[in-house]
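Heavy atoms only: backbone and side chains are in, while hydrogens, waters and symmetry mates are out. Order of listing sets the numbers, starting from 1, for every ligand and every atom in it.
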Amino acid sequence: MSDPSEEVTYHVDGDLVPASKATVRADDRGFRYGDAAFETLRAYGGTVFEWDAHADRLEETCNALGLNHGLSRVDLRSRIDETLSANELEDAYVRLSITRGVQPGKLTPDPDVDPTVVVYVGSLPRGGIDGEPVWDEPAILETVDTRRIPDEAVPASAKTHNYLNGILARQELEDGDEALLCDGEGFVAEGATSNVFFVEDATLYTPTTDGPVLPGITRRVVLECAERIGVPVEEGRYTPERLRNADSVFLTNTTWELRPVGSFDGGAVGGDGAESNGTGGNRGNDDGRVLETLSRAYDERVETQCY
Ligand code: PMP
């Protein structure tokens, strides 16, 4: 935005409107029931990062909800691009929401959908390994009692407006800033809004998306980067104990990119080395090297795709 004091403009059902006037109907199912799909994206240098992957996941969410919104990808993308241009934003946070719209007050959805489509944007610095990350400090991660909703109840791959699982988990935090949710059997699933990775003997581990884990776009890019640069990867089911003893732990999501975990359940991550080297943890046996190499590879991907 040229003038930071200017009000941000959102895109609501085809119109660009000031954020304070961007309203939806009280009868909208997205409001009444959380009956809506969304994506959080980032734009770097004015270009949306990993658009196809986000559009694919949005489609999967809509399929899971049986929400036939009838809008093309080109249409959705152009709403995002218009909103970025209207705000003169290059490095930005973008959220695209599609609800099942206003329907009579009954739970069973009508197959005829007049969707409500909203694009939110906000300025977000470029980040990256040599820039300012959006997070201030390494994450303080805490295991919480709230369990990840099983796939049999609500598929974790559906990114819907209903974030109560993550909200309840975050409310349990004592000193932490991200909650670690386990599945019903006590295996690590994911953070409230992030995927989890750990490094052990230079191998990268992450919970499998066969469990109740949102298939994060950042997670996928990190796995592709690992493959490209030759970091061995294992996807599986792990207990919180494995994270506790790992050489390093980090979290991923679209806004944070790769965020180191400084402490886990009150202890430094990475054993003896972590406490003494002043990095807030996450510099155990591998000295944070795998995380740094992956962060560089991620950065290169942003650079190649968006600049
Ligand atoms: N898990 C959950 C529950 C999330 O809300 C998010 C954020 N969308 C992620 C993982 C990370 O996904 P992404 O990398 O696509 O942002």
Side-chain angles (χ1 to χ4, degrees), residues 34 36-44 48-62 64 80 92-98 120 122 124 127-128 133-135 139 141-144 146-151 153-173 176-183 187-198 204 206-226 235 243 249-261 291 294-295 297-299 301-302 305:
F38 84 100
E39 282 296 315
T40 298
L41 313 96
R42 269 187 91 160
Y44 299 97
V48 172
F49 183 56
E50 294 294 319
W51 166 247
D52 289 336
H54 282 285
D56 286 347
R57 188 172 63 184
L58 183 67
E59 196 174 311
E60 278 160 34
T61 301
C62 291
I80 293 175
Y93 154 96
V94 179
R95 175 178 161 132
L96 168 64
S97 279
I98 305 183
Y120 310 72
L124 201 64
V134 299
W135 37 269
L141 184 65
E142 274 175 28
T143 313
V144 293
T146 300
R147 294 298 170 99
R148 187 72 174 98
I149 295 173
D151 271 340
V154 180
S157 56
K159 198 165 160 62
T160 77
H161 272 205
N162 191 324
Y163 255 66
L164 286 177
N165 199 195
I167 292 167
L168 294 179
R170 283 267 177 95
Q171 276 181 328
E172 271 192 63
L173 291 175
D177 58 7
E178 179 57 313
L180 183 74
L181 290 94
C182 292
D183 64 20
F187 293 102
V188 172
E190 60 184 335
T193 64
S194 55
N195 292 113
V196 183
F197 288 83
F198 63 95
L204 186 63
T206 193
T208 168
T209 51
D210 292 343
V213 174
L214 181 88
I217 308 298
T218 323
R219 175 188 184 278
R220 218 203 56 204
V221 173
V222 166
L223 291 177
E224 287 169 7
C225 288
E235 295 176 66
L243 264 66
V249 180
F250 65 94
L251 305 172
T252 61
N253 69 26
T254 297
T255 30
W256 290 343
E257 302 175 331
L258 288 75
R259 182 181 181 193
V261 170
L291 173 58
L294 287 168
S295 299
Y298 190 89
D299 232 32
R301 174 106 158 212
V302 169
Q305 215 180 91

Arg219 N/O to ligand 1 N/O under 3.5 Å: no
For Arg220, all residues meeting salt bridge (Lys or Arg N to Asp or Glu O under 4.0 Å), sequence neighbours excluded: Glu50, Glu224
Whether Ala192 lies under 4.0 Å from ligand 1, heavy atom: yes
Heteroatom proximity flag, Asn253 to ligand 1, N/O under 3.5 Å: no
Lys159-ligand 1 polar pair, N/O distance under 3.5 Å: yes
Heavy atom of Ser194, distance to ligand 1 below 4.0 Å: yes
Ligand-side contact atoms (ligand 1) for residue partner Thr254, heavy atom cut-off under 4.0 Å: 13 (P), 14 (O), 15 (O), 16 (O)
Sub-4.0 Å heavy-atom approach of Asn195 to ligand 1: yes
Within-cut-off N or O pair, Arg57 and ligand 1, under 3.5 Å: yes
Polar atom proximity, Leu214 to ligand 1 (N or O, under 3.5 Å): no
N or O pair under 3.5 Å between Thr218 and ligand 1: yes
Contact (N/O only, under 3.5 Å) between Glu190 and ligand 1: yes
Aromatic ring pairing Phe250/Phe197, orientation class (parallel under 30°, perpendicular over 60°, tilted between): parallel
